[in-house]
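Scroll down for the structure; my scribbles are underneath it.
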Amino acid sequence: MMKEMLVLQLGVFSLLATLPAAAQEVAAEQPSRPAIEQIVREYILQHPEVLMESVRLYQERERTAQKERSKEAVSARLSDLQQDPSSPVTGTAAGVTVVEFFDYRCGYCKRAESTIMKLLADHPDIQFVFKEFPILGPESLVAAKAGLAAHKQGGYLKFHQALMTLPGPITMDAIEELAGKQGLNVSKLKTDMESPEVQSILRRNRELGRDLGVNSTPSFVIGSELVSGAMDAAAFERLIAQAKPPIGPHAGLNIRKE
């Protein structure tokens, strides 16, 4: 509500500049606040569409400005997004890099998982970077720690998929059961979950997300674009096509895989 009021107020101020010259002259002759408010009120009542148009234009300018700020932030933190050795990665650096900020308790993240897995199968040239971003409570934090601990054993991707498709609550019992099924060392996993290294990774992910303006999951960085919300395959394909680098003699080399 406060944001809507602010936008409306800004629209009113912008509207003053559109008032007929005669009305502006009256305002100049009678600069008192009640006189100006009365002029604005009468003009809005007679031309309500002008105010709505002013608000719409303001919102469009804000969206454009936010998009530019986001691109600048992505560019400034590109190395942290794409080349942090502590982040689980699958695929190669030969094509487009896709970075996902996700939470294991996020229903939209779970919904997007099958689309992402198919995308990776269809595009072996995509490098996909996983950024654990637990924002939905204690269970999310426990799951993120477990995912990063599994990464230390080289078993991230399958464990990640198992957690994403887990139907019930994410408890330590469920995590231990999944880890055992994936052939992981459960005792080591539990120790690594509480390690300073895992804590540091999660802290860096939070700071990175804050700097980029990530405030919901899933959020994706595809090329230089930050996109929030679950997307269908067509949306992924479109953004990946836009982000593809020119084909040249200096193609990227394969990098670490799960």
Is the [X] to [Y] ring centre distance short of 6.0 Å?
X	Y	value
H151	F159	no
F236	F220	yes
F102	H160	yes

- Among side-chain atoms of T165 and K110, is any donor-acceptor pair under 3.5 angstrom? no
- Task: Please determine, by modelled atom types, if Y104 and E132 share a side-chain donor-acceptor pair under 3.5 angstrom.
- Result: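 Yes.
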Side-chain ([X]) to main-chain ([Y]) donor-acceptor, under 3.5 angstrom:
X	Y	value
S87	Q83	no
S195	D192	yes
D103	L136	yes
Q153	N185	yes

- Evaluation steps, side-chain contact (heavy atoms from CB on, under 4.5 Å), between T97 and L81: CA-CA 9 Å; T97 296; L81 281 164; over 6 Å; no
Taking C-beta and beyond as the side chain, do [X] and [Y] meet within less than 4.5 Å on heavy atoms?
X	Y	result
S219	V99	no
V129	K131	yes
D232	T115	no
I175	I170	yes
L184	K158	no
L202	P134	yes
R105	I135	no
S224	S75	no

Shortest non-hydrogen contact from [X] to [Y]?
X	Y	value
M172	M193	SD-CE, 3.7 Å
T217	F133	CG2-CD2, 3.9 Å
P218	C109	N-SG, 3.5 Å
G223	V74	O-CG1, 3.9 Å

Determine whether [X] and [Y] fall in the same hydrophobic cluster, where Ile, Leu, Val, Met, Phe, Trp and Tyr are linked whenever their side-chain heavy atoms lie under 4.5 Å apart.
X	Y	answer
L141	L163	no
L166	V186	no
F130	I222	yes
L120	L239	yes
L148	V142	no

Spatial distance of atom [atom1] ([X]) from atom [atom2] ([Y]) [nearest 0.5 Å]:
X	Y	atom1	atom2	answer
Q161	M117	CD	CE	4.5 Å
K188	K152	NZ	NZ	5.5 Å
D211	E207	CG	CD	7.5 Å
R203	Q199	CZ	CD	8.5 Å
L189	E176	CG	CD	8.5 Å

- Output yes when E194 and K145 qualify as a salt bridge under the 4.0 Å nitrogen-oxygen rule, no when they do not.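 Salt bridge: yes.
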- Would you call D84 and R204 a salt bridge, using N to O less than 4.0 angstrom? yes
- Stepwise side-chain contact (heavy atoms from CB on, under 4.5 Å) test for Y156 and T90: CA-CA 10 Å; Y156 181 81; T90 189; over 6 Å; no
